[in-house]
Amino acid sequence: MAPTLGELAQRLKPGLPELELVGDPDVRIHGVCTLSPGEPGCLAFLANPKYRPQLAATRAAAVVLGRKDAAGFSGNALVARDPYLAFARLAGAFDRSAEFVPGVHPAAIVAPNVVVPPGCHVGPHAVIEPGASIGSGVYVGAGAVISSGARIGDGSRIEPRAVIGSRGFGLARGPSGWEEVPQLGSVVIGDDVEVGANTTIDRGAIGDTVIGDGVKLDNQVQIAHNVRIGAHTAIAACVGIAGSAQIGARCLIGGGAGVAGHIEIGDDVAILGWTMVTRSLPGPGQYGSGIPARPLRQYRRMVAHLRRLDALDDRLAELEKRAGIASRPRAHGEDEGGEPDL
Amino acid sequence: MAPTLGELAQRLKPGLPELELVGDPDVRIHGVCTLSPGEPGCLAFLANPKYRPQLAATRAAAVVLGRKDAAGFSGNALVARDPYLAFARLAGAFDRSAEFVPGVHPAAIVAPNVVVPPGCHVGPHAVIEPGASIGSGVYVGAGAVISSGARIGDGSRIEPRAVIGSRGFGLARGPSGWEEVPQLGSVVIGDDVEVGANTTIDRGAIGDTVIGDGVKLDNQVQIAHNVRIGAHTAIAACVGIAGSAQIGARCLIGGGAGVAGHIEIGDDVAILGWTMVTRSLPGPGQYGSGIPARPLRQYRRMVAHLRRLDALDDRLAELEKRAGIASRPRAHGEDEGGEPDL
Amino acid sequence: MAPTLGELAQRLKPGLPELELVGDPDVRIHGVCTLSPGEPGCLAFLANPKYRPQLAATRAAAVVLGRKDAAGFSGNALVARDPYLAFARLAGAFDRSAEFVPGVHPAAIVAPNVVVPPGCHVGPHAVIEPGASIGSGVYVGAGAVISSGARIGDGSRIEPRAVIGSRGFGLARGPSGWEEVPQLGSVVIGDDVEVGANTTIDRGAIGDTVIGDGVKLDNQVQIAHNVRIGAHTAIAACVGIAGSAQIGARCLIGGGAGVAGHIEIGDDVAILGWTMVTRSLPGPGQYGSGIPARPLRQYRRMVAHLRRLDALDDRLAELEKRAGIASRPRAHGEDEGGEPDL
């Protein structure tokens, strides 16, 4: 039988003592729904202020929200300091996902010397190579590859088609073309890490590539050889991190961003989506570099202006000269810009 | 026996009544070829004006082209209003591709409760999880994953290694690190959709991620949870769409572009390649933001100038002050730029 | 028994005659290590000047380095003109990687008419379709797909989950939505090519997609239909190359860069990471366009200034007018910027 709102609130109390129920504790909650339009019998949440206007008209049986939004709301509510976190925990009560069935699928290939603890899930067509080490409670999705020597910590999730321990892109110029640099290291993944679908993590060239505890990597992320990522850092989709970069703890890296090789990013750094990081960045701090979209005509004028910044600087200098203003050092452009990171 | 040019023209007439044959209708067409150098016995096309100079010297037996280009061409021709569309249909006559063999490959894993209609192709190592629904005439390539509850409409193609229904990147900050937000929704894919190789589509967090009829997604595209894409929108390779973004119908999104979460893009919007979209964009319209490549020295000067735009603005203000021009409001930079989309 | 430093130097002499041993030739070398902290009994290298300060304190038994760095170093050293190349060759002596075991894994699917030479490795869940051609000494990683008609040259490595011969994104606008343009060509991959994990290479629409000898492609690269890449070009991770682009020989393309369709890049071109290439680029040369990250406040001001470059130009023109300086042609912005490459 579906739990009541009051029962759900009680379950959350130990971890969220400030949680407050406003309204009818006896309404039954059958599942979760979005705020708009909302579903009778279901629980919605409001965390992003953008969706505030949807609150009044929601058909949800109850809403998890913050104190400020609760003030003007007449429906049933769970008032939380962090409504998204409260909702995340509540939603777990309705997660009927059957994906995590413990066991090794018969169509997975697990090397004979690898011990997969009994509580793990290894999906169809997953490959676990000799010498890999799998912690307890690990989820290895369909078709994921865990290469030789890779270590996966307890409770970590490797989503479908991710490749842990791909060959690093190590090349040296020889007299008749590229020569491959042996990639002798491995990958060490901490506890409670999530690696998204089709994400690739290269093994180290000499030492290991290291992903700290609690790190969350979205889909289609590329982590090159010998990268080190500090604990609880989250990296959104389509990010690329070049070789030997070091990322601190508790960083946030937005989607599509890129980090050059051999640089260091401090702890608690937030990098906006589509930012290009080519120098070390101290933490804590927030950084960006992406140019937002504009209508085509304005965009093209911007590009044209960018090509003429040199001329613009010259024109300004000429005016300053005529006005008797001392000339300033010119922008020289040495040592600026990204490197051809390979 | 190979069809004649006249026979090919006849076949196309019902759909393209304006098609006109100029030259010899009895020449036999054995296949298709590029305009340059062209192959005797084969059919080429000219649609991109960039390749116009190659027309005179082509060795192709006949060329599909527009009226304007036909004027100065002495070879055999099929004159069409849209030469690329006409060619696309003609080329189908020579498509001997054996890839779409109906049936489920013995090395595919299809959950027992899933009905795969007899005309579908399910390739080796594809995985179709319990509760997934597959329309008629669907192609599921080698190693593609269709997760629990995902629905694939009639005639859609899921290319190799695509993942439909990966876990969304839903994270809430808890007292001791990230907590995973249950991802309870699914993915609904319409009819005649194409999903490229290694593309990933996350299932919804609460409701579904929805891909409209006739949508075409290239390779290595990432679609996050609860994204909605309108009918007949085409998205080129390496694009990332963040969570809950809504894309209209008939949009074109160029390669490498990124769309932030929780924004709306109208119908008939064209977004240039490598554009960063961080705000809602009304449609119809064209938008861009990428900076085109420049030679290294000029590029570095541009970067140096960009770092000094504040100073440049100050210098201009000083000159204006001396000239007795009233000062203008300063660029403040609040509320500008992309957000750290996670 | 582990080789001595002198023995290792002797092995390299034929290919690197200028190599010079400084210090104790009898020290035994058991493996390789990083310069910092370094491991007793192991060999490190110093190639990137950034790591020069680590040299004095290294615990490595010997270091491969350049003449300049050798001058002030008192430890055992192998002095090389190109220390990275020398190290690459030395490290091969310690590569105990068991990944390249010749043979076809029983869980691979190889079409009956495909001959896999005896020295090749075909990993689990790899798929080699009918009519594909595999050279000698080829490595096909776990789950890689080699489509019908694709040709892989001798000594090439296809890393896990790469897709060679995916369907090109060929679309023509029809009266009721997109019509798929048959993709009738294939992929030709030369000798000694490396294709990274989760990289996708589309087959040609009419002719073939061609990857030259010695080309190295990192992970998550997307190569569209009919692209041609010249010999010994190296492309870092997350790069997208749009259809029919031609890339010269010995080019370097940094991570995250994008190349538009139907353009030509000359030989010996280096493209910095995150560069957007929308026009043909002559070679040799270096090009860039990415904007480096800045602290949030400065970044937002930069974005605000970029929106006002038109106004800034106007203000400058007004000052010039008052100063009696003849007006200059305005930036028009026509024909600037990227195209919506699909």
Side-chain angles (χ1 to χ4, degrees), chain A residues 109 125 127 130 143 145 148 161 163 166-167 169 171-174 177-179 181-182 184 198 200 202 206-207 220 222 224 240 242 258 260 262 271 275-279 281 285-289 291-292 297 299-305 308 312 315-316 318-319 322 337-342, chain C residues 32-34 48 50 84-85 88-89 91-92 94-95 98-99 107 124-125 142-143 159-161 192 196-198 214 216 218-220 232 234 236-238 252 254-256 270-274 288 290-296 299 303 306 309-310 313 316 319-320 323 331-334 336-337:
Chain A
I109 307 286
H125 312 128
V127 174
V145 176
S148 279
R161 308 295 177 215
V163 179
S166 32
R167 193 182 184 284
F169 202 56
L171 301 172
R173 278 181 191 283
W178 296 107
E179 301 191 12
V181 181
L184 307 173
N198 283 7
T200 46
D202 288 341
I206 301 179
Q220 312 236 30
Q222 152 68 5
H262 299 276
I271 294 172
T275 294
M276 174 181 98
V277 181
T278 55
R279 302 291 169 89
L281 301 178
Q286 291 176 280
Y287 300 87
S289 76
I291 309 294
R297 196 155 163 281
Y299 160 59
R300 287 190 164 160
R301 291 184 66 83
M302 181 191 77
V303 170
H305 282 303
R308 292 160 38 127
L312 196 141
R315 290 163 65 193
L316 204 46
E318 172 64 22
L319 284 165
R322 295 194 181 197
E339 297 305 311
D341 221 6
L342 280 170
Chain C
V32 295
C33 64
T34 51
N48 185 336
K50 192 185 147 119
Y84 191 51
L85 177 62
R89 294 184 180 177
F94 303 99
D95 194 352
E99 61 175 7
H125 312 128
E159 292 287 317
R161 308 293 177 218
D192 300 314
N198 283 7
K216 307 294 177 183
D218 199 352
N219 297 346
Q220 312 237 30
H232 305 296
C238 306
L252 296 178
I271 294 172
L272 302 192
W274 302 285
I291 309 295
R294 302 186 71 187
L296 187 62
Y299 159 60
V303 170
L306 285 174
L309 286 177
D310 251 12
D313 204 43
L316 204 46
L319 284 165
E320 286 171 332
H332 50 74
E334 282 165 28
E336 297 281 354

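We use all heavy atoms of the structure for the numbers below, so side chains are in, but hydrogens, waters and symmetry mates are not. Keep in mind it's a predicted model, so treat the numbers as computed, not measured. Here is how names work: the chains are called A, B, and so on, in the same order as the sequence lines, proteins then strands, and each is numbered from 1.
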Visitor: Indicate yes or no: at least one non-hydrogen side-chain atom of Thr278(A) is less than 4.5 angstrom from one of Trp274(C).
Guide: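 Yes, side chains in contact.
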
Visitor: Is it the backbone or the side chain of Val277(A) that comes under 4.5 Å from a heavy atom of chain C, or both, or neither?
Guide: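 When you check distances to chain C, atoms from both the backbone and side chain of Val277(A) fall under 4.5 Å.
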
Visitor: For residues Pro182(A) and Ala88(C), report the shortest heavy-atom separation together with the two atoms involved.
Guide: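 Result for this residue pair: CD-O, 3.2 Å.
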
Visitor: Ala234(C) and Phe169(A): which non-hydrogen atoms are nearest, and at how many Å?
Guide: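 Looking at all heavy atoms of both residues, the closest pair is CB-CZ, 4.4 Å.
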
Visitor: Out of Gly196(C), Cys33(C), Gly288(C), which one racks up the most heavy-atom pairs below 4.5 Å with chain A?
Guide: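 Among the listed options, the one with the most contacts to chain A is Cys33(C).
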
Visitor: Can you say whether Lys50(C) sits under 4.5 Å from chain A via the side chain, the backbone, both, or neither, judging by heavy atoms?
Guide: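 Contact with chain A: side chain only.
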
Visitor: What are the two closest non-hydrogen atoms of Thr200(A) and Ala197(C), and how far apart are they?
Guide: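 Shortest heavy-atom contact: CG2-CB, 3.9 Å.
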
Visitor: Identify which part of Gln222(A) has an atom lying under 4.5 Å from any heavy atom of chain C, answering side chain, backbone, both or neither.
Guide: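 When you check distances to chain C, atoms from both the backbone and side chain of Gln222(A) fall under 4.5 Å.
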
Visitor: His305(A) versus Asp310(C): any side-chain heavy-atom pair under 4.5 Å?
Guide: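 In short, these two side chains touch, coming nearer than 4.5 Å.
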
Visitor: Just give me the residue among Arg89(C), Lys216(C), His232(C) that pairs up with chain A most often, heavy atom to heavy atom, under 4.5 Å.
Guide: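 Most heavy-atom pairs within the cutoff with chain A belong to Lys216(C).
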
Visitor: Looking at Val145(A), Leu281(A), Leu171(A), Ile291(A), which one has more heavy-atom pairs under 4.5 Å with chain C than the rest?
Guide: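 Top option by heavy-atom pairs under 4.5 Å: Leu171(A).
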
Visitor: Could you state the interatomic distance from CZ (Arg294(C)) to CZ (Arg279(A)), rounded to the nearest 0.5 Å?
Guide: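 Here the rounded value is 12.0 Å.
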
Visitor: For Asn48(C), which atoms come within 4.5 Å of any heavy atom of chain A: side chain, backbone, both, or neither?
Guide: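 Just its side chain gets close to chain A.
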
Visitor: For Thr275(A), which atoms come within 4.5 Å of any heavy atom of chain C: side chain, backbone, both, or neither?
Guide: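 The side chain, not the backbone.
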
Visitor: Does the Glu320(C) side chain pair with the main chain of Leu319(A), one donor and one acceptor, at a distance under 3.5 Å?
Guide: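 The answer is no, because no donor-acceptor pair under 3.5 Å joins these two groups.
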
Visitor: What part of Ala91(C) is in contact with chain A, defined as an atom under 4.5 angstrom from a non-hydrogen atom: side chain, backbone, both or neither?
Guide: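 Its backbone and side chain both get close to chain A.
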
Visitor: CD/Gln220(A) to CD/Gln220(C) distance, rounded to the nearest 0.5 angstrom?
Guide: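 If I round to the nearest 0.5 Å, the distance is 6.0 Å.
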
Visitor: Which atoms form the tightest heavy-atom contact between Ser289(A) and Pro292(C), and what is the distance?
Guide: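 What the structure gives for the nearest pair is CB-O, 3.4 Å.
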
Visitor: If you measure from CG on Asn198(A) to CG on Asn198(C), what distance do you get to the nearest 0.5 Å?
Guide: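 If we round to the nearest 0.5 Å, Asn198(A):CG and Asn198(C):CG are 4.5 Å apart.
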
Visitor: Only counting residues at least two apart or in another chain, list the ones meeting salt bridge (Lys or Arg N to Asp or Glu O under 4.0 Å) with Arg322(A).
Guide: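 Checked Arg322(A) against salt bridge (Lys or Arg N to Asp or Glu O under 4.0 Å); matches are Glu318(A).
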
Visitor: Can you tell me if Arg161(C) uses its side chain to pair, donor with acceptor, with the backbone of Gly143(A) under 3.5 Å?
Guide: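 Side chain of Arg161(C) to backbone of Gly143(A), a donor-acceptor pair under 3.5 Å: yes, one is there.
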
